[in-house]
Amino acid sequence: MSHRKMALCLSIIPGLGQWYNRQWAKGVLFLVFAASFLTAFADLFNMGFWGIVTLGTEVQRDNSIFLLAEGIIAVIVALFGLAFYCFNLWDAYKNGERRDRGDRLNTLKEEYHQLVEQGYPYVVSSPAFFLLVFSVIFPVLFSFALAFTNYDLYHTPPAKLVDWVGFDTFLKIFTVDIWRSTFFDVLSWTVIWTLVASTLQVAAGILLAVIVNQKDLRLKKLYRTIFVLPWAVPGFVTILVFAGLFNDSFGAINHTILAALGIDPIPWMTDEHWTRVALILMQGWLGFPYVFVVTTGVLQSIPEELYEAATIDGASMFAKFRYITLPMVLLAMAPIIITQFTFNFNNFNIIYLFNGGGPAVPGSTAGGTDILVSWIYKLTMQSSQYALAAALTILLSLFVMGIALWQFRRTNSFKEGV
Amino acid sequence: MRSSVRSKKFLRLFVSYAILTFVAVAIIYPLLWTIGASLNPGNSLISTTLIPKKPTLDHYRELFAGKESLLYERWYWNSMKISFFTMLGSVISVSFTAYAFSRFRFKGRRNALTLFLLLQMVPQFSALIALFVLAQMLGMLNSHWLLILLYIGGQIPMNTYLMKGYMDSIPRDLDESAKIDGASNTRIFFQILLPLSKPMIAVVAMNGFTGPLGDFVLSSAILRTPDAYTLPIGLYNLVNEVMGASYTTFAAGALLISIPVAIVFLMLQRNFVSGLTLGGIKG
């Protein structure tokens, strides 16, 4: 039997394969690490794996949700363990292979240097990675799991247990009438909102940047400063201020501006359609400065000769904009424009802070202007439909990820980036 | 012929100024209105005029009067603390991680990058229940530090992408030659890449600072008692308890946070605009 196979087999117990390769210290290190890993997390594994499978068996004693969380943590820790275990097997095999070839093995000191050299990127990115696991990946896995349970108002620990129900919740979204109609209403408004609001802010940003960038226009600096103000002021403040401005009974828009123009007060907060109009206008106001600033940067990098050549050829102002400026700007800004769309798709703050997703729609858990994220928030915080909220989160994530991945690949910036 | 060119130019400039003035007014009006509201006597806004007839500083005094339901000063410092540490933490973790992704080719790099790309699409707060359960399990409800860690974690995917894109645009020859001179990886990072990435660091710092100031969901799930609140939750409650009732006080409180943030933003603008333009395009 070759050394590499022998070492690999012995490494089923971590460390033995390394001993077989006569790397004594490393073997001890591996064995000690594996043993302490198992003892330290034995309870977690025991409890967690039992918990994630059964979600608890006895009311009062078992809290299904905590058990589920522990189970997920156990799975994550186990994956780390598994990664180490695979490394151990790989290491034994590789060194065995070297012996088969008759090569000299590294000393401990050399191994250490190699580790420092090759492990550098892992070491410097590990704090961020652990933080990410704990603050983003764990929650995402947790919601993912919740979507397959019946966790809701009537199944709330500690008084009740929660059970696995498979794809029931997903099926219900499409089969229970009220859920289905709410889902499609919310989804269609989310899509309209995303497209219209993002297009408005991108178009306004580009247009204004082009206008300010004209050579013979004065006060450029002043305009540029004013136009970044909506970006500079914290967003939640602006939205709440606008909520006051648009208020049906005392808002300045109805009472001062429209009154001065002789227009009757508009029910901004109580009529679904007007609320939507107000939201889109507001998002245009809030979102254009970012596009404006970036476009200004791009415009300044377009070579002047292009315009000069076009002028000589007798191109009109609009032709120059249409055939030089716009393609250049759109090409350079494709990734930024895409992020505007994904941002608005998940733009919870503006919807919720402005009018709570309202006006309320009778018989529905979603208000007239709720987008998917704000509906999910309401389902979680107000009507305790946790499983439904989690299932919707999964659908939403798949939707955004699919579109974004497709777009990034199309624009090629993704390939280049990796 | 010449006069038609001239009148065309006049028309173009006239239309341009008209549009710009309209937009400028649309931007400034709400800001002025807020200032006016904060100086207006009384709680209601019905009598609000842009320039108050009898301006008063009462609402500003009320903010600091130390009423039990209005711990403005406390919220202010809570927000500043959380924003500052989130900024610090995300700049440190993001720049190291971006360095690893930009300059090293290691196993799992491609997968990690794809993971980051996907994670930035999922809003962190859609997993609200999980974060709430986590806080309960750790016994860290009302803990600002937990919130800071969650914020930093949420900042990592997108900002790492931006920063990596920016670092990719810095020529590798620079660090290669330093390496030949015997500089360590960490030294190359601190002495070459970090100084050259300043514009993008400004972007990441700004995102880190303003992120918590714009968050309403995570903080309201984790911070449950008024003395732990941040400004967004506190001010939102102020407006929403009885809409309109304390709107003028809200306006005063909103201004005291917006003005410093806007000033710092405008001062740093030059730094991060070049970062955004380059990094965004490369990203």
When rounded to the nearest 0.5 angstrom, what is the spacing between [atom1] in [X] and [atom2] in [Y]?
{"X": "Ile148(B)", "Y": "Ser135(A)", "atom1": "CD1", "atom2": "OG", "value": "13.0 Å"}
{"X": "Thr380(A)", "Y": "Ile129(B)", "atom1": "OG1", "atom2": "CD1", "value": "4.5 Å"}
{"X": "Leu229(A)", "Y": "Phe265(B)", "atom1": "CG", "atom2": "CZ", "value": "9.0 Å"}
{"X": "Tyr29(B)", "Y": "Ile257(A)", "atom1": "OH", "atom2": "CD1", "value": "4.5 Å"}
{"X": "Met401(A)", "Y": "Leu117(B)", "atom1": "CE", "atom2": "CG", "value": "9.0 Å"}
{"X": "Thr238(A)", "Y": "Ile27(B)", "atom1": "OG1", "atom2": "CD1", "value": "11.0 Å"}

Chain A heavy atoms under 4.5 Å from [X]: which part of the residue, side chain, backbone, both or neither?
{"X": "Tyr151(B)", "value": "neither"}
{"X": "Leu146(B)", "value": "side chain"}
{"X": "Leu149(B)", "value": "both"}
{"X": "Ser220(B)", "value": "side chain"}

[X] to [Y] - nearest heavy-atom pair and separation:
{"X": "Ser258(B)", "Y": "Val237(A)", "answer": "OG-CG1, 3.4 Å"}
{"X": "Ile156(B)", "Y": "Ala128(A)", "answer": "CD1-O, 3.6 Å"}
{"X": "Leu132(A)", "Y": "Gly153(B)", "answer": "CD1-O, 3.5 Å"}
{"X": "Gly244(A)", "Y": "Trp33(B)", "answer": "C-CH2, 3.9 Å"}
{"X": "Val217(B)", "Y": "Tyr377(A)", "answer": "CG1-CE1, 3.4 Å"}
{"X": "Ala130(B)", "Y": "Phe142(A)", "answer": "CB-CD2, 3.3 Å"}

Do [X] and [Y] come close enough that some side-chain heavy atom pair is under 4.5 Å?
{"X": "Thr339(A)", "Y": "Met158(B)", "result": "no"}
{"X": "Leu134(B)", "Y": "Phe134(A)", "result": "yes"}
{"X": "Ile19(B)", "Y": "Leu208(A)", "result": "yes"}
{"X": "Val23(B)", "Y": "Phe288(A)", "result": "yes"}
{"X": "Phe250(B)", "Y": "Val241(A)", "result": "yes"}
{"X": "Gln118(A)", "Y": "Phe106(B)", "result": "no"}
{"X": "Leu128(B)", "Y": "Met381(A)", "result": "yes"}
{"X": "Val261(B)", "Y": "Val233(A)", "result": "no"}

* Might you work through the side-chain contact (heavy atoms from CB on, under 4.5 Å) test for Met317(A) and Lys8(B), ending with a clear yes or no? => CA-CA 11 Å; Met317(A) 194 176 83; Lys8(B) 240 184 181 171; over 6 Å; no
Looking at chain B, which one of [options] has the largest number of heavy-atom pairs inside 4.5 Å, strictly under?
{"options": "Ile376(A), Thr393(A), Asn346(A)", "result": "Asn346(A)"}
{"options": "Leu222(A), Thr342(A), Leu217(A)", "result": "Leu217(A)"}
{"options": "Pro127(A), Pro139(A), Gly119(A), Pro121(A)", "result": "Pro121(A)"}
{"options": "Phe138(A), Phe144(A), Tyr151(A), Phe129(A)", "result": "Phe138(A)"}
{"options": "Asp216(A), Ile72(A), Leu372(A), Leu207(A)", "result": "Asp216(A)"}
{"options": "Phe345(A), Phe242(A), Phe130(A), Tyr122(A)", "result": "Tyr122(A)"}

* So Phe216(B) and Phe348(A), would you call those rings parallel, tilted or perpendicular, with 30° and 60° as cut-offs? -> parallel
* Asked: Just checking, any donor-acceptor pair under 3.5 angstrom between side chains of Tyr99(B) and Ser125(A)?
  -> no
* To do: Count the heavy atoms of every other residue, nucleotide or ligand shown that sit under 6.0 Å from NZ of Lys9(B), and state whether that count exceeds 12.
  => no
* Does Arg218(A) offer a backbone N or O that forms a donor-acceptor pair with the side chain of Tyr17(B) under 3.5 Å? -> yes
